[in-house]
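Comments concern the structure below.
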2 protein chains.
Amino acid sequence: MHSLITNIKIQISDKIFVKDPETSVLGKKIIKESIILIDEIGFDNFTFKKLGAKINSNESSIYRYFENKHKLLLYLSSWYWSWIEYKLFFATTNVDDSFEKLKKAITVVTEKIEDDLATEHINESVLNKIVITEFTKTLHTKEVDEENKEGFFLIYKRVITRLVELITEVNPEYQYARSLASSIIEGALHQHFLRDHLKTITNCNEEISPTAFYLNLILTLLKKNRS
Amino acid sequence: MHSLITNIKIQISDKIFVKDPETSVLGKKIIKESIILIDEIGFDNFTFKKLGAKINSNESSIYRYFENKHKLLLYLSSWYWSWIEYKLFFATTNVDDSFEKLKKAITVVTEKIEDDLATEHINESVLNKIVITEFTKTLHTKEVDEENKEGFFLIYKRVITRLVELITEVNPEYQYARSLASSIIEGALHQHFLRDHLKTITNCNEEISPTAFYLNLILTLLKKNRS
DNA sequence: TTATTTTCGATAGTAATACTATTATATTTG
DNA sequence: CAAATATAATAGTATTACTATCGAAAATAA
């Protein structure tokens, strides 16, 4: 299992970083502490200088790993979606019924993430929090098209594509599998955000999870052709 | 009709601006040209200095209207949602059938916006484009909770609440009206964005609109209790 | 074990950003 | 026409977002 995690890490495009942070102690420290610092002060207020101070290292040393903070966020996001892809794989293997499989997949992509202690230098729970508030910022830039061509969003798109496959397996007649998949992934993050900050425009709270909302949604939406 | 537009404008919280841009020629110029400039170079690259150069005015003069560019974006977003609220009102009045009403409402909040020539200093079509790419940035800051308390997102939340009412009218048994409404509003912007930039993870294109996707969704999701 | 490479920290420096303050000049309004 | 208000121009500060250089430390290879 540990080797599989390592494999997932390798999938992150080497165009995102200057030097692979997994290859050194400082690199791993940058990843670990940047997650915590971004969560604390928000991505907009986050700077390499502040991170340097936090890890008792120098601003210029961090630049040796990442061109800028945007690339660092891209790296963290890719890592996150890789992690989700990995969980998706394990949640759906050996499940025969296609609707059961889809339900498991929906659960993985919409539920609140707990820390996995197997990855020492990454706290998945905190990473999940920063993905909820900051992920859209990786997409919403003037450089999306170039960065998309460079493959920076490949893992994210692969997770969505996997969900599309599962939806199509459940109901091959459904016309909007891709839009449904992408809106579930995006929407789940959004519902988590609303639950934390704009409670009046969501039904999600301590009792009702975004997962419940989306499980109910796909049940109603795709049930026609269920066996 | 023109006076109604004026009324809508007045609804924008005066905590968002230092001086109401509607009250002067320079103010209106700031609004008009900032929409165009943000669309051109993106919000991240947008500065008051650049805007000043574009409108042959001074950076410091713009600061007399808005504290910073974040507040300006909040203003533009509020204006946008006000505009949507106004369109929502007209689209649903004198429609008796509740499902027809909901369909009209969904259309208003998910369709591509055309410019309305009645508002000289605002190009709604371009404003729609910047809302698609930049709106989430108004929410995803460390200051959301304070700004929410100050009422900066009131109009946005009111649009969602209106949609919740219409959903509940169609199907009072449906458990997730608020989450559905908020995910439609957010998701429609997202689908527009994907159509423009990440085409492989959406079904939306020139033929299929986000509106079609969401009309199909609510039809299937809420039809049980339709009359 | 020594030599070589690489990694890292420290310092310095630049251009741009995000403002604030002041003052003089327009422009509006009473 | 006078008074009030709005705007433009200039200057200045702190922070950000980097780049470049250099020497020391650490890792690795011969």
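Per chain, numbering begins at 1; letters A, B, ... match sequence-line order.
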Please list, for nucleotides 15-17 of chain D, all pairs of protein and nucleotide N/O atoms separated by less than 3.5 Å.
none

Should the heavy atoms of other residues, nucleotides or ligands under 6.0 Å from [atom1] of [X] be counted, would the total exceed 12?
X	atom1	value
A:Lys112	NZ	no
B:Asn205	CG	yes
B:Lys104	NZ	no

May I have the distance from [X] (atom [atom1]) to [N] (atom [atom2]), rounded to whole angstrom?
X	N	atom1	atom2	result
B:Ile55	D:dA6	CD1	C1'	14 Å
B:Glu67	C:dT17	CD	C1'	17 Å
A:Phe66	D:dT19	CZ	C1'	19 Å
B:Leu26	D:dA9	CG	P	12 Å
B:Ile41	C:dA16	CD1	P	14 Å
A:Ile62	C:dC8	CD1	P	11 Å
B:Leu51	D:dA8	CG	P	12 Å

- Message: Tell me whether the side-chain N/O atoms of B:Ser24 come closer than 4.0 Å to OP1 or OP2 in D:dT5.
- Response: no
- Between C:dT7 and A:Tyr65, is there an OP1 or OP2 to side-chain N/O distance shorter than 4.0 Å? no
- Within residues 133-147 of chain B, residues whose heavy atoms come under 4.0 Å of DNA chain D: none
- Quick one, give me the B/S/- string for nucleotides 21-30 of chain C, reading 5' to 3', where B means a protein heavy atom under 4.0 Å from the base and S means that only happens at the primed atoms, P, OP1 or OP2. B---------
- Message: Quick check on the 6.0 Å ring-centre criterion: do A:Trp81 and A:Tyr86 meet it?
- Response: no
- Message: Please report whether the ring centroid of B:Tyr80 lies less than 6.0 Å from that of B:Tyr156.
- Response: no
- Query: Can you check whether A:Glu186's main-chain N or O pairs, donor with acceptor, with A:His190's side chain at less than 3.5 Å?
  - Reply: no
- A:Lys28: partners by salt bridge (charged side-chain N to carboxylate O under 4.0 Å, His left out), with sequence neighbours left out: none
- Option passing side-chain hydrogen bond (donor to acceptor under 3.5 Å, both in side chains) with A:His121 (candidates A:Glu22, A:Lys32, A:Glu33): A:Glu22
- On the 0 to 90° scale, with breaks at 30° and 60°, tag the A:Tyr176-B:Phe213 ring pair as parallel, tilted or perpendicular. tilted
- Task: Among residues two or more places apart or on two chains, list those pairs meeting ring pair (Phe, Tyr, Trp, His ring centres under 6.0 Å) that have a residue in residues 21-58 of chain B.
- Result: B:Phe48-B:Tyr63
- Message: Listing request: all salt bridge (charged side-chain N to carboxylate O under 4.0 Å, His left out) pairs with a residue in residues 41-59 of chain B, at least two apart in sequence or in separate chains.
- Response: B:Glu40-B:Lys54, B:Asp44-B:Lys137
